[in-house]
K.L.:
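Take this structure first; my questions come after.
In what follows, residues are counted from 1 in the order of the sequence shown. In this text the structure is predicted, and so the values were computed from the model without any measurement.
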Amino acid sequence: MDLSYTETQDMLRDTLSRFLADTYDFETRKKMLASPEGRDPGIWRALSSELGLTSAPFAEEYGGLGGGYLENLIMMEELGKVIAVEPWLQTVVIGGGALTAVGGALAAEVIPQIISGDCVIAWAYAEPTGRYDLASVSTTAKADGSGFVLNGHKAVVYAAPWASHLLVTARTGGSARERNGVELFLVDAKSAGITRRDYPTVDGFRASEVYFENVAIPAEALLPGGIDLIERIADEAAMGVCAEGTGIARKLLDGTVEYTKQRKQFGQPIGKFQALQHRMADMLVEAEQIASMALMGTLKLGLPAAERKAAVSLAKAKVARSIKFVGQSAVQTHGGIGITMELAIGHYFKRATMIENQFGSADAHLERYEALTLAA
């Protein structure tokens, strides 16, 4: 099997890498996080309307470059290298993935807006008591005339403070935790009845608690597919953060190696101590395994549901454990300075810690993998 990237994919990676090197250094990122909005909107405009990178994973019929899952992997890996707070995962991977899956008039309308940078999507799926169960949905969408009325509360909605649209899971029928009756809706974030409580997350992003009170939405907001569609985009999101973890793990390793060359103890660089050399060799192995598992899971996103789920769970479980090891090893090698705000390594560690549990912890995915494989 040829696992090399195409010339176009290499060009996309190089374009994004050079752009981020010029605009997203560590000090600039810190200033963004400290600003009232928590980001620089000009960067998203540059990625979309100026460089056209948001078009990479979309079909040509929507104005895209005809790419797909691998293009998202490449972009997420490069964004991970600078711990970018751009809403690529939420808008392009999750929102764009859902719209691509259902197609139709809504996709034809919204995907070009994603490509142009005029649409930012936040996925409002998590609820305070839901944990990792995508069917644990208390938010309701009751039929009302020709549309629906939304009521409920969504927790830790990444990118919601910046979003033009919310991708909301809501129950149209069935009881709590029942798979039947859970649907997906694309809602205008400015709709009457939506309120937010915004806050910064530990990894530097912005998120919100989002409340829906008698929010009227049209029938066209429904994305058909139910829980199967929701699980599909959750798997695509999981592979997105695994790809991001590839970039983060490599930066954690590079930063640790560089630090051990500079930090001296007993008259010599600590990188010459055999125990630390062994630890960094282990970090390299785990970082490469993160990259391999992210690629493996991404390549299998197009398989039938059972095979896709098994591959994604296997990949996410391994990535969760490996990125925890790489992050903790980096901080331990740096000592107390490793968790200070002044040093980049601590910021990479925080994002790595969030990726460990985002869209399912290692234990949650191992349980799903076991259920899928034993059932087969």
K.L.:
Using modelled atom types and a 3.5 Å cut-off, is there a donor and acceptor pairing between side-chain atoms of Thr140 and backbone atoms of Arg171?
P.N.:
no

K.L.:
Could you tell me whether the side chain of Thr28 reaches within less than 4.5 Å of the side chain of Thr23, counting heavy atoms only?
P.N.:
no

K.L.:
For Tyr259, does its backbone N or O pair with a side-chain atom of Gln262 as donor and acceptor, under 3.5 Å?
P.N.:
no

K.L.:
Okay, side chain of Glu307, backbone of Pro304: is any donor-acceptor separation there less than 3.5 Å?
P.N.:
no

K.L.:
Would you say Ser17's side chain and Arg13's backbone share a donor-acceptor pair under 3.5 angstrom?
P.N.:
no

K.L.:
Supply the atom-to-atom distance Phe273 CZ to Gln268 CD, rounded to the nearest 0.5 angstrom.
P.N.:
4.5 Å

K.L.:
Out of curiosity, Trp44 CH2 to Asp118 CG, how far, rounded to the nearest 0.5 Å?
P.N.:
11.5 Å

K.L.:
Taking the inter-plane angle between the rings of Phe26 and His347 on a 0 to 90° scale, is it parallel (under 30°), tilted (30 to 60°) or perpendicular (over 60°)?
P.N.:
perpendicular

K.L.:
Between NZ of Lys251 and CD of Glu258, what distance do you get to the nearest 0.5 Å?
P.N.:
10.5 Å

K.L.:
Can you tell whether the side chains of Arg232 and Glu236 come within less than 4.0 Å, N to carboxylate O?
P.N.:
yes

K.L.:
For the residue pair Tyr211 and His153, categorise the inter-ring angle as parallel (less than 30°), tilted (30 to 60°) or perpendicular (more than 60°).
P.N.:
parallel

K.L.:
Within the side chain of Ser136, is there an N or O that forms a donor-acceptor pair under 3.5 Å with the backbone of Arg177?
P.N.:
no

K.L.:
Is it true that Asp363 and Arg321 have a side-chain N and a carboxylate O under 4.0 angstrom from each other?
P.N.:
yes

K.L.:
Please check this pair: side chain of Lys81 against backbone of Met76, looking for a donor-acceptor N/O pair closer than 3.5 Å.
P.N.:
no

K.L.:
Does any N or O in the side chain of Thr15 come within less than 3.5 Å of the main-chain N or O of Met11, such that one atom is a donor and the other an acceptor?
P.N.:
yes

K.L.:
Can you tell me how the ring of Phe359 sits relative to the ring of Tyr125, calling it parallel under 30°, perpendicular over 60° and tilted otherwise?
P.N.:
parallel

K.L.:
Identify whether the distance between the nearest side-chain nitrogen and carboxylate oxygen of Arg196 and Glu209 falls below 4.0 Å.
P.N.:
no

K.L.:
Of Arg179, Arg308, Arg368, which meets salt bridge (charged side-chain N to carboxylate O under 4.0 Å, His left out) against Glu231?
P.N.:
Arg179

K.L.:
Please answer whether the main-chain N or O of Leu79 pairs with a side-chain N or O of Glu86 as donor and acceptor at a distance below 3.5 Å.
P.N.:
no

K.L.:
Would one find more than 12 heavy atoms of other residues, nucleotides or ligands at under 6.0 Å from atom CD of Glu213?
P.N.:
no

K.L.:
How many angstroms lie between atom NE2 of His365 and atom CD of Glu370, to the nearest 0.5 angstrom?
P.N.:
14.5 Å

K.L.:
As an exercise, state the distance from CG of Asp282 to OG of Ser322, rounded to the nearest 0.5 Å.
P.N.:
11.0 Å

K.L.:
Scan side-chain atoms only and decide if Lys154 and Ser208 contain a donor-acceptor pair under the 3.5 Å cut-off.
P.N.:
no

K.L.:
Going through the checks in order, is the salt bridge (Lys or Arg N to Asp or Glu O under 4.0 Å) test met by Asp22 and Arg18?
P.N.:
CA-CA 6 Å; Asp22 292 337; Arg18 286 188 287 108; over 6 Å; no

K.L.:
Strictly below 4.0 Å, N to O, side chains only: are Arg45 and Glu50 in salt-bridge contact?
P.N.:
no

K.L.:
About how many Å separate CE of Met293 and CE of Met296, when rounded to the nearest 0.5 Å?
P.N.:
3.5 Å

K.L.:
Does NZ in Lys30 sit with more than 12 non-hydrogen atoms of other residues, nucleotides or ligands closer than 6.0 Å?
P.N.:
yes

